[in-house]
Amino acid sequence: MQKTTTLSAAVLAGMLSITPAMADQQTPETDNINEVPAGNYTIDPLHSKITWGVDHYGFSRYEGQFVDLSGSLRLGEDPADSNLKIEIPLDKVLTGSGLTEHLQGEDFFNSAEHGTATFTSTSIEIDGDDEATITGDLALNGQTHPVEIEAEFNRGGVYAFDEKYHIGFNGEATIKRSDYAINYLMPEDDKQGISDEVTLRIEAEFVPEKAQ
């Protein structure tokens, strides 16, 4: 009996000794996208947002945000084989002012008729271990056009607050609002207005789908 007990204790001790190593392999702390476990990830809406900016009559750079994003990332064994889909609720646009209601109207997003904008990736080109060009289709205001996002992988690791594995990215893109039939106060001839060009700055965190 004593011999059996001693053997069992040794086996248990051995299992405990390899558990941290196994955990590290499953949830590596890394800034290299190639080391992140492949699988299905879901966006963390609490720590994800898109900040947009336009030139306002040459007076200022006016900015607002899209929040409460939803979406998914299927990360392939080869990150270039991944797929990304992000849904942007247009009625959640933030300006911090009375302009929020105007932006949701027919002059801009027309959120009553087209309440959600969607970005769906079509290809991903990896550059090194932390940068990529993500090409996809942006559907907005009843129009769909290709958009390129210059993305950077920040890091993967366990977030101490919720003890879930998080992976984080940032990205930048530029679109023309005229492509999406949003032409209100467009500059004409020598007249100032709100710029056609809109810059997008993206911050996104994802967690494994099973962690939701």
Side-chain angles (χ1 to χ4, degrees), residues 41-73 84-121 134 136-155 159-162 164 166-188 190-207 211-212:
Y41 291 80
T42 302
I43 202 166
D44 171 13
L46 294 179
H47 301 102
S48 303
K49 62 185 178 182
I50 299 173
T51 301
W52 52 264
V54 293
D55 179 272
H56 182 250
Y57 282 80
F59 295 123
S60 65
R61 184 71 181 168
Y62 189 81
E63 295 187 335
Q65 291 183 335
F66 297 116
V67 297
D68 202 21
L69 311 179
S70 60
S72 60
L73 168 66
L84 173 67
K85 183 174 183 178
I86 301 296
E87 295 182 343
I88 306 160
L90 299 178
D91 60 353
K92 296 295 180 70
V93 62
L94 297 179
T95 66
S97 73
L99 289 175
T100 298
E101 185 175 351
H102 188 192
L103 286 173
Q104 293 177 18
E106 294 182 0
D107 289 336
F108 290 100
F109 300 134
N110 193 15
S111 60
E113 186 172 347
H114 304 287
T116 303
T118 304
F119 175 82
T120 306
S121 68
I134 304 173
D137 293 325
L138 176 64
L140 170 66
N141 195 34
Q143 309 289 323
T144 301
H145 295 282
V147 172
E148 282 191 358
I149 300 174
E150 295 302 324
E152 182 177 5
F153 174 63
N154 296 323
R155 67 183 288 260
Y159 176 38
F161 187 81
D162 62 10
K164 295 177 182 178
H166 284 235
I167 54 176
F169 302 82
N170 63 62
E172 295 184 354
T174 301
I175 65 173
K176 288 187 175 182
R177 61 189 179 97
S178 58
D179 288 342
Y180 300 92
I182 303 175
N183 299 310
Y184 183 71
L185 296 180
M186 190 75 71
E188 294 182 10
D190 295 332
K191 295 181 180 180
Q192 293 277 5
I194 299 173
S195 63
D196 188 11
E197 188 174 272
V198 182
T199 60
L200 305 174
R201 291 189 290 110
I202 304 151
E203 299 290 341
E205 292 186 27
F206 294 82
V207 296
Q212 284 291 333

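For the single chain, residues carry numbers from 1 onward in sequence order.
- Ring orientation note: the planes of His56 and Phe59 are tilted relative to one another, at an angle of 30° to 60°.
- Rounding to the nearest 0.5 angstrom, the gap separating the CZ atom in Phe119 from the CD1 atom in Ile86 is 8.5 Å.
- Phe169 places none of its side-chain heavy atoms less than 4.5 Å from the side chain of Leu84.
- Remark: Thr51 OG1 to Glu172 CD distance equals 11.0 Å, nearest 0.5 Å.
- The two residues Asp91 and Gln104 come nearest to each other via the heavy atoms O-NE2, 3.1 Å.
- Scanning all heavy atoms of the two residues, the minimum distance from Leu90 to Ser111 falls at CB-CB, 4.0 Å.
- Arg177 contributes a side-chain N or O that, together with a main-chain N or O of Ser195, makes up a donor-acceptor pair within less than 3.5 Å.
- Between the side chains of Glu205 and Ser48, no donor-acceptor pair of N or O atoms lies under 3.5 Å.
- Thr118 contributes atom OG1, which lies 7.5 Å from atom CD1 of Ile88 (distance to the nearest 0.5 angstrom).
- Remark: Tyr57 OH to Lys191 NZ distance equals 9.5 Å, nearest 0.5 Å.
- Crowding of Gln192 atom CD: a count of heavy atoms from other residues, nucleotides or ligands under 6.0 Å exceeding 12.
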Show me the side-chain donor-acceptor pairs of residues 140-152 shorter than 3.5 Å, one per line, residues at least two apart or across chains.
| unit_1 | atom_1 | unit_2 | atom_2 | d |
| --- | --- | --- | --- | --- |
| Asn141 | ND2 | Tyr180 | O | 2.9 |
| His145 | NE2 | Asp179 | O | 2.8 |
| Glu150 | OE1 | Thr133 | OG1 | 3.1 |
| Glu150 | OE2 | Thr133 | OG1 | 3.3 |

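- Here Ile134 contributes atom CD1 and Ser121 contributes atom OG; the two are 7.0 Å apart, rounded to the nearest 0.5 Å.
- Under the 4.5 Å side-chain criterion, counting only non-hydrogen atoms from C-beta, Val93 is in contact with Trp52.
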Legend entry - Verdict with supporting geometry, Arg61 and Thr199, side chain to side chain contact (heavy atoms under 4.5 Å, CB included): CA-CA 10 Å; Arg61 184 71 181 168; Thr199 60; 2.6 Å; yes

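- A centroid separation of less than 6.0 Å is found between the aromatic rings of Tyr184 and His102.
- In this structure, the separation between CG on Leu138 and CG on Leu200 is 8.0 Å, given to the nearest 0.5 Å.
- Contact detail for Ile182 and Met186: the closest heavy-atom pair is O-CE, 3.7 Å.
- Annotation: side chain of Leu94 is not in contact with side chain of Lys49 (no heavy-atom distance under 4.5 Å).
- Side-chain contact check for Tyr62 versus Ile194: every heavy-atom pair is 4.5 Å or farther apart.
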